[in-house]
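Written out below as C-alpha cells is the structure these notes cover.
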Amino acid sequence: MNILEQVQEKLKDEIKAAVLEAGLATADQLPDVILEVPKEKAHGDYSTNMAMQLARVAKKAPRAIAEDIVKNFDSSKASIEKIEIAGPGFINFYMNNSYLTDLIPAILKAGDSYGETNTGNNEKVQVEFVSANPTGDLHLGHARGAAVGDSLCNIMAKAGYDVSREYYINDAGNQINNLALSVEARYFQALGLEKDMPEDGYHGEDIIGIGKKLAEEYGDKYVTVEESDRFEFFREYGLKYEMEKLKRDLEDFRVSFDVWYSETSLYQNGKIDTALAKLRENGHIYEKDGATWFKSTELGDDKDRVLIKQDGSYTYLTPDIAYHKDKLERGFEKLINIWGADHHGYIPRMKAAIEALGYERDALEVEIIQLVHLYKNGEKMKMSKRTGKAVTMRDLVEEVGLDATRYFFAMRSADTHLDFDLDLAVSQSNENPVYYSQYAHARISSILRQGEEQNLSFDENVDVSLIGAEKEIEVLKKLGEFPLSISEAAVKRMPHRITNYIYELASSFHSFYNAEKVLDLENIERTKARLALIKAVQVTLKNALSLIGVSAPEKM
RNA sequence: GCGCCUUUAGCUCAGCUGGAUAGAGCAACGGCCUUCUAAGCCGUGUGUCAGAGGUUCGAAUCCUCUAAGGCGCGCCA
C-alpha cells in the first residue's frame, strides 16, 4: 500500500470510529466510507459524504449528523489540520503537509517501480491484440489497436496483473491462398509477363515488392514450375515475408508479444476437432443443408453460425473457437481481446462459444477500437485495404514520429472515433501535447545536470519539511495520485487515463517551475529539497510515459 | 429492421464508485525571458452536457424512449 492509500485508510477508519462513537449507526448499518478529493481546493484535501449517506439511518438532517461526526472525531490520529462542514453536509478534511512530503523519499526509493500496485492480485490475464492478417501492411486501425493494447498491457502489468500478450496469426484459410496468388501475379508482372491479380487479391505495395524481390532472386525459375509446387512456394514465401515485416513494424512501434500463435497449428494438432467434439458433446451443434451449425442463438447470439461449410472447410469462427478454448486451458482467468469496430458484431458469437465450451462467458472481455480517420489539410483521407491506398502504420510513424503517434493513439478513449489530425501531430509546436509532457522531463533533466555541475546533490534523507509552497504541494498531490491513476486505468481498461495523468503532472510541474526557482546558492538546504522534489517528478513522468510507449528525453 | 459505439465551449476532447460553481488544449485578447530550456507560465470568456421522461437529498454520470452520425448484421476473414 502506498503512502496516500495509508493516509486514506487511516482517515476512513477514524470516520467510522466517530460515527460509532456518536451513536449514529450500528456497525452493520455503517456504509463504506467514500472519500473523494474535492475539485475545489477550498474544500480541503479530502471530503466525505458520510453525513448524507447516514441521513436515512440516523433520521436526522445531514448537517446535524456531520456535526456529531466532527464532534466525535479524534483528529490527533490522522494528520488532520482542520475539519469543516460545508454545503449540504460534506465533511472536509484539511491535512497537514507531512503526509505529502513523505512521498518524496518514497518515490526516490521506489524509482522505476513507483506506481506499482497489487490491484490485479496477480490475476492471469491474456491480452490478444492487433492479430492482423499477414496479407499486407499494418494500417491506421492496427496502429491504434497496437498502441492501445500495448499501453493497456503495460498498465495492467504495473497494476499487479500477470499479463501475457498474444498475437493470433491467421496463417490458414482463404486469405492466405489469396496472398499466394497475389504474390504469384506480382512475380509474373515483375518479369514483364501477363498475369491477372486474383479477384480478392491484395493490392498493397508490399506485395508488389515481394514480386520484384522474387524476380530478382530467382529470375523466371518459378514460371515453369508445376502449378501446385509453385503455389506452395509463393504461399510459404509470402507468409514468411509478411510475418517478418509485421514483427519488425511492431517492434519498431515499441510493441512486442509474448506469444505468436499460429492458426495453422490448431489444424495440425487436432485442437479444432477437439473443440468441435466438445461443442457437440455439450449439445450445441446440429447439421442442416449439408453444413454443421453452432446453435449460438441459445446463448445470446442473433443467428446460428456455420462451423463446417458444405464444402467441408471451416469458417473463420471454428478455429477461433478452438483458439479461445486453448487460451482458457492454458489457465488464463481473463481473456481480453482488442478488436476493431468492424468486428464488434462478432462478440456475441464468441461469448456464446465460450459459454458452450463450459466456461464463464464473461471470462472473455472485448475492447472495441473505433475507427481512425486521418485528416490532412483539413480534408478527410479515405482508407481502403483492398485498393492498397491506405496509409500504413509505417508511413504514419515516418511522418509524425513515433512518440507523437503513440501518444495520440493512447490519448483518446478507445471507444470513440478518432480524428487524427496529421498537421497537428506533425507540428512541433505547443499545440502538440506530447511535447508538453516530454518538455517537462527534459527541463527537469537540465536542472539536475546543472545542479550537479554546481555540486548540488541530494539524497533520500533530504529535509523535505522545507517543501511547502503552494505549487510544491500541488505537484506532490499529483505525484501521490499516480498509483491510483494506474489502478483505475487498469481496472477500467482505459489507457487514456494515463495520458490525462501525464498531462496534469507535467502541467503542475511547469507551473511550479515558473513560480519557484530550484537552484539557489543562497539557500542550499531548500535547493536540495527541491532537487529531490523534481527528481521525484522526473521518475514519475518517466514511469508514466513508458506505460504508453513514449520516450522521456533528457534534452529537447 | 435489429445490435454496438458516439453526441459536453467556435474546434478536438476530459469528466473517477452519482456530489458542492461542468473542466483542459486549440483558436481570440492582454501580460511574463540581464535569473534553472518561452516546446513554458499567468490572466480574460465561453455551455439548452443532443432532446424528453424517470430513479433520489443530489444526475453530464444510472434507467426508458426519441433524434442525429458511425460501424456491423456472409457457408468472407
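All figures in this text were calculated on a predicted structure; none of them were measured in a lab. What you see below is based on every heavy atom in this structure, not just the backbone, and it leaves out hydrogens, waters and symmetry mates. Protein chains get the first letters and strands the later ones, always in sequence-line order, with residue 1 at the start of each.
The stretch residues 530-537 of chain A has no heavy atom under 4.0 angstrom from RNA chain B at all.
Counting heavy atoms of neighbouring residues, nucleotides and ligands inside a 6.0 Å radius, atom NZ of K542(A) does not exceed 12 of them.
Comparing the same atom, C1', in rA50(B) and in rA9(B) gives a spacing of 15 Å after rounding to whole Å. Comparing rG45(B) with rG10(B), their C1' atoms are spaced 12 Å from each other, to the whole Å. Going from the C1' atom of rA77(B) to that of rA52(B) covers 42 Å, rounded to whole Å. Nucleotides rA22(B) and rA59(B) have their P atoms positioned 13 Å apart, rounded to a whole Å. Taking atom P on both rC5(B) and rA14(B), the two are 15 Å apart, rounded to the nearest angstrom. A gap of 28 Å separates the C1' atoms of rU66(B) and rU12(B), to the nearest Å. Taking the P atoms as reference points, rA20(B) lies 16 Å from rC49(B), given to the whole Å. The same atom, P, is picked in rA38(B) and in rU34(B); the two are 12 Å apart, to the nearest Å.
Checked by atom type, the side-chain pair N133(A)/T135(A) shows no donor-acceptor distance below 3.5 Å. Counted by atom type alone, Y46(A) and Q8(A) present one or more donor-acceptor pairs between their side chains at under 3.5 Å.
Evaluation of F90(A) against the base of rA20(B) yields a stacking contact (centre distance < 5.5 Å, interplanar angle < 30°). Ring-to-base geometry does not place H496(A) in a stacked arrangement with rA14(B) (centre distance under 5.5 Å, plane angle under 30° required). Stacking annotation: H510(A) is not stacked on the base of rA38(B) (requires ring centroids less than 5.5 angstrom apart and an interplanar angle below 30 degrees).
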Listed pairs, N/O of protein and of nucleotides 5-7 of chain B, under 3.5 Å:
from: rC5(B); atom 1: O2'; to: Q370(A); atom 2: NE2; distance (Å): 3.4
from: rC5(B); atom 1: O2'; to: D415(A); atom 2: O; distance (Å): 2.6
from: rU6(B); atom 1: OP1; to: D415(A); atom 2: OD2; distance (Å): 3.4

With the criterion being N/O to N/O and under 3.5 Å, what pairs connect the protein with nucleotides 42-47 of chain B, and how long is each?
from: rC42(B); atom 1: OP1; to: S511(A); atom 2: OG; distance (Å): 3.0

Polar atom pairs between nucleotides 54-62 of chain B and protein, under 3.5 Å, N or O only, would you list them?
from: rC57(B); atom 1: OP1; to: R56(A); atom 2: NH2; distance (Å): 3.0

Where do N or O atoms of nucleotides 28-35 of chain B meet protein N or O atoms at under 3.5 Å, pair by pair?
from: rU35(B); atom 1: O2'; to: K517(A); atom 2: NZ; distance (Å): 3.1

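Closest non-hydrogen pair, V306(A) versus I308(A), comes out as CG1-O, 3.6 Å.
Among the heavy atoms of the strands lying under 4.0 Å from A442(A) is at least one base atom, whether or not backbone atoms are also near.
When atom types are taken as modelled, the side chain of S507(A) and the backbone of Y503(A) share no donor-acceptor pair closer than 3.5 angstrom.
Relative to the six-membered ring of Y94(A), K82(A) meets both conditions, a distance below 6.0 Å and an angle of at most 45° to the axis. Under the 6.0 Å distance and 45° angle rule, R443(A) counts as a cation-pi partner of Y513(A).
Residue N170(A) places none of its side-chain N or O atoms closer than 4.0 Å to OP1 or OP2 of rA77(B). OP1 or OP2 of rG74(B) has at least one side-chain nitrogen or oxygen of K303(A) nearer than 4.0 Å.
For the pairing with R497(A), the salt bridge (Lys or Arg N to Asp or Glu O under 4.0 Å) check across E488(A), E504(A), E481(A) returns one residue only, E488(A).
Looking at RNA chain B, the stems built from 3 or more consecutive Watson-Crick or G-U wobble pairs, each pair with its key distances under 3.5 Å, are B:1-7 with B:67-73, B:10-13 with B:23-26, B:28-32 with B:40-44, B:50-54 with B:62-66.
In rC13(B) the O4'-C1'-N dihedral to the base is more than 90° from 0, which defines an anti nucleotide.
Judged by closest nucleotide on RNA chain B, Y46(A) is the one of Q310(A) and Y46(A) placed further toward the 5' end. In terms of position on RNA chain B, the residue among F512(A) and Y316(A) whose nearest nucleotide sits closer to the 5' end is F512(A).
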Self-check item: CA sep, side-chain torsions, deciding dist, call: Y167(A), Y261(A), ring-ring contact (aromatic ring centres under 6.0 Å, His included)
Solution: CA-CA 6 Å; Y167(A) 190 114; Y261(A) 199 101; over 10 Å; no
